[in-house]
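Every heavy atom of this structure was used, including side-chain atoms; hydrogens, water molecules and symmetry mates were not.
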Amino acid sequence: MTQRETPHTSGSYWFEDDTDDVSRAILVLQSLRRFKAADTAMRHRTQSEMDMNETDLLALRYLISAEGRGDTVGPKELAVALEISTAATAKLLARLVKSGHIRRESHPTDRRAQLLFATPDAQHEVRKTLGAMHERMLSVAQDFSPGEQHAIIRFLDAMCSSVQVPDDGPKATRRPVLRRHRIVQ
């Protein structure tokens with residue numbers, strides 16, 4: 001398929017698309033943007049279905065994940081993980097306790113500290129809302145060969161690096177560092 005046959009790249013306002021390499025790269029970036037838009041829409045649907053804001057849902061997912069690993073989480077750790085203040089964390093915890101999504105327990109060795117847990121109902125609700133989608137996403141990722149998976153991981157890690165670098169002159173034009181990931185076959 002040539003650039004002229006691909007209306008998505010023709011007349012790009014941002015990139016010079018006069019070579020096949022640039023045209024293919026533009027198609028990749030457009031596909032990434034479509035995924036980001038679909039992901040954003042899914043997050044909004046999930047928040048609406050669960051009647052939660054984004055931070056509440058992130059907190060709940062963090063607690064469920066920690067419990068799955070056998071880890072315990074306190075309010076300070078949750079604040080750090082969510083990158084929110086302790087005051088915002090206190091409000092978040094009050095909302096989630098009131099809605100029945102989490103419970104607080106005293107730390108077994110430090111009675112001044114608290115541990116946070118997702119309630120069984122909250123875990124069920126999250127799995128019911130997100131489970132089928134996560135299974136579909138895993139299935140898509142499994143359909144790629146180990147080599148393709150490695151290339152996708154390298155690409156996404158490099159894209160993360162490229163958007164995390166502030167645009168402050170010539171340094172910003174450096175290529176991002178590509179990290180190696182081991183793909184289990």
Notebook entry, point to check: Taking the side chain from Glu54 and the backbone from Gln47, do they hold a donor-acceptor pair closer than 3.5 Å?
Noted result: no
Next item on the list: Identify, with sequence neighbours excluded, every residue that meets side-chain contact (heavy atoms from CB on, under 4.5 Å) alongside Ala88.
Entry: Ile84, Ser85
Next item on the list: Quick one: pull up OG1 in Thr55 and CG in Leu60 and give me the separation to the nearest 0.5 Å.
Entry: 12.5 Å
Check: Only one of Gln123, His124, Glu125 forms a side chain to side chain contact (heavy atoms under 4.5 Å, CB included) with Arg127, so which one is it?
Finding: Gln123
Note to self: If the condition is side chain to side chain donor-acceptor pair (under 3.5 Å), which residues does Glu49 pass it with, not counting sequence neighbours?
What the structure shows: none
Notebook entry, point to check: Of all residues at least two apart in sequence or in a different chain, which pass the side-chain contact (heavy atoms from CB on, under 4.5 Å) check with Ala113?
Noted result: His107, Asp110
Notebook entry, point to check: Considering residues at least two apart in sequence or located in another chain, which fulfil the side chain to side chain donor-acceptor pair (under 3.5 Å) criterion with Arg69?
Noted result: Ser65, Asp71
Please table the atom pairs, donor to acceptor, closer than 3.5 Å between any side-chain atom in residues 114-121 and protein atoms at least two apart or in another chain.
from	atom 1	to	atom 2	distance (Å)
Gln114	OE1	Arg104	NH1	3.4
Thr119	OG1	Gly100	O	2.8
Thr119	OG1	His101	O	3.4
Thr119	OG1	Ala122	N	3.1

Next item on the list: Could you walk me through whether Arg33 and Leu29 pass the side chain to side chain contact (heavy atoms under 4.5 Å, CB included) test, one step at a time?
Entry: CA-CA 6 Å; Arg33 285 186 189 108; Leu29 293 176; 4.0 Å; yes
Item checked: Candidates Lys91, Arg95, Arg61 - the one meeting salt bridge (charged side-chain N to carboxylate O under 4.0 Å, His left out) with Asp56 -> Arg95
Checklist line | Taking every non-hydrogen atom, the tightest pair across Tyr62 and Glu77 | finding: OH-OE2, 2.8 Å
Notebook entry, point to check: Which value, rounded to the nearest 0.5 Å, describes the distance between Leu57 atom CG and Met50 atom CE?
Noted result: 5.5 Å
Next item on the list: Consider only side-chain heavy atoms of I, L, V, M, F, W and Y, link residues closer than 4.5 Å, and tell whether Val28 and Val140 are in one cluster.
Entry: yes
Margin query: So which atom in Leu82 and which in Ala59 form the shortest heavy-atom distance, rounded to 0.1 Å?
Written below: CD1-CB, 3.6 Å
Notebook entry, point to check: Quick one: do Phe144 and Leu156 end up in the same hydrophobic cluster if we chain Ile, Leu, Val, Met, Phe, Trp and Tyr together by side-chain heavy atoms under 4.5 Å apart?
Noted result: yes
Item checked: Spacing of Ile153 atom CD1 and Gln149 atom CD [to the nearest 0.5 Å] -> 6.5 Å
Check: residues 37-46 side-chain donor-acceptor pairs under 3.5 Å, at least two apart:
from	atom 1	to	atom 2	distance (Å)
Asp39	OD2	Arg43	NE	2.9
Thr40	OG1	Lys36	O	2.9
Thr46	OG1	Met42	O	2.9

Item checked: Leu78 side chain reached by Leu92 side chain, heavy atoms, under 4.5 Å -> yes
Check: Taking a hydrophobic cluster as the set of Ile, Leu, Val, Met, Phe, Trp and Tyr residues connected by side-chain heavy atoms closer than 4.5 Å, whether directly or through intermediates, do Val163 and Ile152 fall within one such cluster?
Finding: no
Item checked: Asp51 atom CG, over 12 foreign heavy atoms within 6.0 Å -> no
Next item on the list: Check the hydrophobic clustering (I, L, V, M, F, W, Y; side-chain heavy atoms under 4.5 Å; chains of links allowed) and say if Met133 and Val126 are grouped together.
Entry: yes
Note to self: So, taking the atom named CD in Gln164 and the one named OG in Ser161, what distance separates them when rounded to the nearest 0.5 Å?
What the structure shows: 6.0 Å
Check: Under a 4.5 Å side-chain heavy-atom rule over Ile, Leu, Val, Met, Phe, Trp and Tyr, are Leu130 and Met137 clustered together?
Finding: yes
